[in-house]
Amino acid sequence: MPEDLKEKKENLLKSQIPTAILTKTSHTQGENQALDKISGSSSTNKLTEKHQGTKTVFKKFNEMNWPLDIRPLNKSLVKDNKWKKTEVTQEKRRSFLGEFCKTYGGVGHPQSHLFHMVSRIYVEDKHKILYCEVPKAGCSNWKRILMVLNGLASSAFNISHDAVHYGKHLKTLDSFDLKGVYTRLNTYTKAIFVRDPMERLVSAFRDKFEHPNSYYHPVFGKAIIKKYRPNACEEALNNGSGVKFKEFVHYLLDSHRPVGMDIHWEKVSKLCYPCLINYDFVGKFETLEEDANYFLQLIGAPKELKFPNFKDRHSSDERTNTQVVRQYLKDLSRTERHLIYDFYYLDYLMFNYTTPVL
């Protein structure tokens, strides 16, 4: 790790109490000052509780024997030697995240409600799997796989996008009682799949704002154009279409956003709580098929079940990659690019992603 990055990491992490790293929504002090120039006011956002009875649940939560150490993966079902390289990579990722969390994460007194923390985790009871959904990191196809494993479909290739996301076929962990949540967290294989933060951000923008969308244009688009586009025309203000990437970035970095955050560009550290929930498997979008098919071996999935590699929507568009991201970043100032990196700084650190050239 370069010395300047190492020093920046140490300064950031030492300046905050361990649990605040993962659960506060306010930015670091230096980031706040820069963002204030965009928003014109100081950052006062705090995570709001979404459930009742928080104190009671946390009392029970803290009394439990919450697992602090990563348990070894059960590799007894993996018979093929071709997975050796993937196995080594997986152990390195798990070890890296585990060491990071031991040093800086801790559990202490979580500032977010337990049921909120597990609300993005999908449950497949037959094979005892917990999968934390990270949008724009292969989540649609992972939901298809879970539906097949659960006996809800015979093939992952004939399940529509709407059935995956709006069919309500799969249960999330927050639908169980406290005992059910705790038992599954301690006995099921927990998986998370992540993606380079810049790529994930650009992918989300392209998906939600460069194609017709009956939700993101009127809800996010109109608010973004109204606040960040001087002299916007009436048509744009009325339909919210045509949001520019620079405007979207101004919204993202604004500590007083006109509309809230969205799971498609929320930080992974606040979607899946990787230092409070000990994930057994850390997959990456960059090696998605290889990681996913290895994971299917680990959990004893049917041999014929393979992870689908098709693009879920807008299949004619080029996939978001490093070259595509570079084109979008060209429209931003150097300060804006650095602020995006600062915004996703913990995601870069936790999952050992290379610092982008800014």
Next on the checklist: Name the residue from Glu199, Lys284, Glu286 that meets the side chain to side chain donor-acceptor pair (under 3.5 Å) definition with Tyr353.
Outcome noted: Glu286

Next on the checklist: Run the side-chain hydrogen bond (donor to acceptor under 3.5 Å, both in side chains) test against Tyr344 and tell me which residues pass, sequence neighbours left out.
Outcome noted: none

Checklist entry - Do the ring planes of Phe248 and Trp265 sit parallel (below 30°), tilted (30 to 60°) or perpendicular (above 60°)? => result perpendicular

Checklist entry - So do Ile121 and Tyr279 actually touch side chain to side chain, heavy atoms under 4.5 Å? => result yes

Checklist entry - So do Asn74 and Leu298 actually touch side chain to side chain, heavy atoms under 4.5 Å? => result no

Item to check | Ionic contact status for Lys244 with Asp331, cut-off 4.0 Å | outcome: no

Next on the checklist: I need the Glu87 CD to Gln297 CD distance, nearest 0.5 Å.
Outcome noted: 11.5 Å

Item to check | Closest approach of Ile192 to Cys272 (non-hydrogen atoms, all atoms of both residues) | outcome: CD1-CB, 3.6 Å

Checklist entry - In chain order, what residues pass the salt bridge (Lys or Arg N to Asp or Glu O under 4.0 Å) check against Arg144, with sequence neighbours excluded? => result Asp312

Next on the checklist: With a 4.5 Å cut-off on side-chain heavy atoms, are Leu271 and Pro135 touching?
Outcome noted: yes

Checklist entry - When you look at Val134 and Arg200, which way does the side chain to side chain contact (heavy atoms under 4.5 Å, CB included) test go after all the steps? => result CA-CA 10 Å; Val134 176; Arg200 184 170 163 252; 3.5 Å; yes

Checklist entry - If Ile, Leu, Val, Met, Phe, Trp and Tyr residues are connected whenever their side-chain heavy atoms lie under 4.5 Å apart, and connections chain through other members, are Phe285 and Tyr131 in the same group? => result yes

Item to check | Given Tyr294, Phe307, Phe281, the one that forms ring-ring contact (aromatic ring centres under 6.0 Å, His included) with Phe193 | outcome: Phe281

Item to check | Side-chain touch Phe176/Val123, heavy atoms, less than 4.5 angstrom | outcome: yes

Next on the checklist: With a 4.0 Å cut-off on N to O distance, would you call Asp254 and Lys227 a salt bridge?
Outcome noted: yes

Checklist entry - Do other residues, nucleotides or ligands put more than 12 heavy atoms under 6.0 Å from the NZ atom of Lys246? => result yes

Checklist outcome for this item: One should read off an interatomic distance between Met198 CE and Asp196 CG, to the nearest 0.5 angstrom, of 8.0 Å

Checklist outcome for this item: Separation between CG (Leu146) and CG (Leu152), nearest 0.5 Å, reads 9.5 Å

Checklist entry - Is any side-chain heavy atom of Arg93 less than 4.5 Å from a side-chain heavy atom of Asp291? => result yes

Item to check | Check: Tyr328 and Val249 side chains under 4.5 Å, non-hydrogen atoms | outcome: no

Checklist entry - In terms of hydrophobic clustering (I, L, V, M, F, W, Y; side-chain heavy atoms under 4.5 Å; direct or indirect links), are Val282 and Tyr122 co-clustered? => result no

Next on the checklist: Tell me every residue that passes side chain to side chain contact (heavy atoms under 4.5 Å, CB included) with Val259, counting only those two or more places apart in sequence or in another chain.
Outcome noted: Phe220, Ala223, Tyr251

Item to check | His211-Asp317 side chain donor-acceptor pair, cut-off 3.5 Å | outcome: yes

Checklist entry - Is atom CD of Gln323 surrounded by more than 12 heavy atoms (other residues, nucleotides or ligands) closer than 6.0 Å? => result yes

Next on the checklist: Which heavy atom of Glu91 sits nearest to which heavy atom of Lys75, and what is that distance?
Outcome noted: OE2-NZ, 3.2 Å

Next on the checklist: Would you say that Pro197 contacts Tyr341 through its side chain, given a criterion of any heavy-atom pair below 4.5 Å between the two side chains?
Outcome noted: no

Checklist outcome for this item: One should read off an interatomic distance between His116 NE2 and Asp174 CG, to the nearest 0.5 angstrom, of 10.0 Å

Checklist entry - Hey, what do you get for OH (Tyr273) to CZ (Arg120), rounding to the nearest 0.5 Å? => result 11.0 Å

Checklist outcome for this item: Glu124 and Leu149 have their tightest heavy-atom pair at OE1-CB, 3.6 Å

Next on the checklist: Against Leu130, only a single residue in Leu185, Val118, Thr189 fulfils side-chain contact (heavy atoms from CB on, under 4.5 Å); can you say which?
Outcome noted: Leu185

Checklist entry - Can you check whether Gln90 reaches Trp83 side chain to side chain, under 4.5 Å on heavy atoms? => result no

Next on the checklist: Tell me the closest heavy-atom pair linking Ile159 and Ala153, and the distance in Å.
Outcome noted: CD1-CB, 3.6 Å

Next on the checklist: Can you confirm whether more than 12 heavy atoms, excluding those of Lys85, are under 6.0 Å from its NZ atom?
Outcome noted: no

Checklist entry - Of the non-hydrogen atoms in Lys190 and Ile277, which two are nearest, and what is the gap between them? => result CD-CG2, 4.0 Å

Next on the checklist: Quick check on the 6.0 Å ring-centre criterion: do Phe96 and Phe351 meet it?
Outcome noted: no

Checklist entry - If you measure from the Lys or Arg side-chain nitrogens to the Asp or Glu carboxylate oxygens, is any gap between Arg184 and Asp125 under 4.0 Å? => result yes

Next on the checklist: Measuring from atom CD1 of Ile224 to atom CZ of Arg257, what distance do you get when rounded to the nearest 0.5 angstrom?
Outcome noted: 10.5 Å

Checklist entry - If every non-hydrogen atom of Ile225 is compared with every non-hydrogen atom of Ala236, which pair is closest and at what distance? => result CD1-O, 3.8 Å

Checklist entry - Should we count NZ of Lys306 as having more than 12 external heavy atoms under 6.0 Å? => result yes

Next on the checklist: Over 60° means perpendicular and under 30° means parallel, so tell me whether Phe245 and Phe205 are parallel, tilted or perpendicular.
Outcome noted: perpendicular

